[in-house]
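The structure appears right after this line, and notes come after that.
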2 protein chains.
Amino acid sequence: MAQLSDSIEHFIKDLMTEDAHVELRRNELAQHFGCAPSQINYVLATRFSVDHGYIIESRRGGGGYVRIVRMQTRGESNLLNILLNRVGNSVDEETAVAIISNLRERDMVTDSEAALMRAAVSRNALALPISAKDVLRAAVFRNMLVQVFKNIEEGKRHDV
Amino acid sequence: MAQLSDSIEHFIKDLMTEDAHVELRRNELAQHFGCAPSQINYVLATRFSVDHGYIIESRRGGGGYVRIVRMQTRGESNLLNILLNRVGNSVDEETAVAIISNLRERDMVTDSEAALMRAAVSRNALALPISAKDVLRAAVFRNMLVQVFKNIEEGKRHDV
DNA sequence: TTCTATTGACCATCTTTGACTATTATAGCG
DNA sequence: CGCTATAATAGTCAAAGATGGTCAATAGAA
């Protein structure tokens, strides 16, 4: 069944056969397919999620865009999902630190990056008068994990 | 998608590759880009703020000008204190992002590190059912700032 | 029925413009 | 020379324009 969503999905994937990322105008794409703009979001959410190995970035306003970035196609994208799952909605510092060490051992982050991540999830960073520290840490950490994997795919690790 | 604002930003930064400051006529620049003069102010406000590491000086009337100066600091430990102070107990995302881009421009963090930091302070990371997001962001961010400087100190930036 | 897909109304964010304001230099006047 | 009018600049701010995001209701497929 050539659903609209499927067509849009294939259209985008065709655009990505060369490059690991595309940038497009949500409204243009919607117009091209004669559908509501929010349909594009639906496709992105259901077919280009982190689980599927993609990351979406976007910007509103004049000159706005939606960028779709493909992450690993091999075992590691699976690793990201495992880690995100492990983290879930709440992690303690010990676990987070362990995961970071693991990423370092796999050489997926540099020493500096690992240190930065530890800084962000440390007790100290989250020493606030709120009780949900683990929840918070998980939210921050998840975001950073996704970022790490995106960097790897974009080949941005060996910069400067 | 070279936005007008982006073009103007790059134009100005190109002018500054040599010198740490440029002086220009607002109206001339606006005419060069075929836009309203106030557009220039918009670019200055959004891309050349103090948090981005620039200072704007200007003068009206005949022979008026706009001068853009890249801030310089004596020694990095001093900068750390300035930034920690700036962050204080609460920062909004915009400011945090500006500071991160400032660190990047000074080549004090790599692209990956900057991206990690952005991930940690993003709205998304802190999308929690608590109201004190800015406070929280400040806490996380302060910790990362300290770490950045520590990384530099330890000479660990130029890692594989 | 239940899961997936579509749409539309309403929201958030970023950019660009224009009308109005503020400041400074200079030419002309007394 | 001192004052004033005018011209030449730049600044502010709010409105309009240009995008994209969310979510709940509805429709369609399995």
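Reminder, nothing fancy here: chain letters follow the sequence lines and each chain counts from 1.
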For [X], enumerate each residue passing the salt bridge (Lys or Arg N to Asp or Glu O under 4.0 Å) test, keeping only those at least two apart in sequence or located in another chain.
X	value
B:E57	B:R67
B:E94	none
A:K13	A:E9

Are [X] and [Y] side-chain neighbours, meaning at least one heavy-atom pair lies under 4.5 Å?
X	Y	value
B:M108	B:L79	yes
B:E113	B:L103	no
B:H21	B:I55	no
A:L15	A:I68	no

(message) I need the full list of ring pair (Phe, Tyr, Trp, His ring centres under 6.0 Å) pairs touching residues 52-74 of chain B, with sequence neighbours left out, sorted by first then second residue.
(response)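 Every pair satisfying ring pair (Phe, Tyr, Trp, His ring centres under 6.0 Å) with a residue in residues 52-74 of chain B: B:F48-B:Y54.
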Table please: side-chain donor-acceptor pairs of residues 31-45 of chain B below 3.5 Å, with sequence neighbours left out.
{"from": "B:Q39", "atom 1": "NE2", "to": "B:S5", "atom 2": "OG", "distance (Å)": "2.9"}
{"from": "B:N41", "atom 1": "OD1", "to": "B:R26", "atom 2": "NH1", "distance (Å)": "2.7"}

Pairs: protein N or O with nucleotides 16-20 of chain D N or O, under 3.5 Å:
{"from": "D:dT19", "atom 1": "OP1", "to": "A:R25", "atom 2": "NH1", "distance (Å)": "2.6"}
{"from": "D:dT19", "atom 1": "OP1", "to": "A:G63", "atom 2": "N", "distance (Å)": "3.4"}
{"from": "D:dT19", "atom 1": "O4'", "to": "A:G61", "atom 2": "O", "distance (Å)": "3.0"}
{"from": "D:dT19", "atom 1": "O2", "to": "A:G61", "atom 2": "N", "distance (Å)": "2.9"}
{"from": "D:dG20", "atom 1": "OP1", "to": "A:R26", "atom 2": "N", "distance (Å)": "2.8"}
{"from": "D:dG20", "atom 1": "OP2", "to": "A:R26", "atom 2": "N", "distance (Å)": "3.4"}
{"from": "D:dG20", "atom 1": "OP2", "to": "A:N27", "atom 2": "N", "distance (Å)": "2.9"}
{"from": "D:dG20", "atom 1": "OP2", "to": "A:N27", "atom 2": "ND2", "distance (Å)": "3.4"}
{"from": "D:dG20", "atom 1": "N2", "to": "A:R60", "atom 2": "NH1", "distance (Å)": "3.1"}

Quickly work out the [X] [atom1] to [N] [atom2] distance and round it to whole Å.
X	N	atom1	atom2	result
B:I68	D:dG11	CD1	P	10 Å
B:E93	C:dA12	CD	C1'	13 Å
B:Q31	D:dT9	CD	P	11 Å
A:D6	C:dC3	CG	P	19 Å
A:I56	D:dG21	CD1	P	9 Å

(request) Describe, as an angle rounded to 10 degrees, how the axis at the first end of the helix from C:dT1-D:dA30 to C:dG30-D:dC1 is tilted relative to the axis at the last end, five pairs per end. (result)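 Roughly 10°, once rounded to the nearest ten degrees.
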(request) Please list, chain by chain and in numerical order, all residues satisfying side chain to side chain contact (heavy atoms under 4.5 Å, CB included) with B:D51, sequence neighbours excluded. (result)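 Expected list: B:S49, B:R86, B:T95, B:A98, B:I99.
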(message) Regarding B:R67, tell me which of base, sugar-phosphate or nothing describes its non-hydrogen contacts under 4.0 Å with the strands shown.
(response)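 Answer is nothing: B:R67 stays at 4.0 Å or more from every strand.
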For nucleotides 17-19 of chain C, tabulate all protein N/O to nucleotide N/O atom pairs closer than 3.5 Å, reporting atom names and distance.
{"from": "C:dT17", "atom 1": "OP2", "to": "B:A36", "atom 2": "N", "distance (Å)": "3.4"}
{"from": "C:dG18", "atom 1": "N7", "to": "B:S38", "atom 2": "OG", "distance (Å)": "3.4"}
{"from": "C:dG18", "atom 1": "O6", "to": "B:S38", "atom 2": "OG", "distance (Å)": "2.5"}

(message) If the condition is side-chain hydrogen bond (donor to acceptor under 3.5 Å, both in side chains), which residues does A:R60 pass it with, not counting sequence neighbours?
(response)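 By the side-chain hydrogen bond (donor to acceptor under 3.5 Å, both in side chains) rule, A:R60 matches no residue at all.
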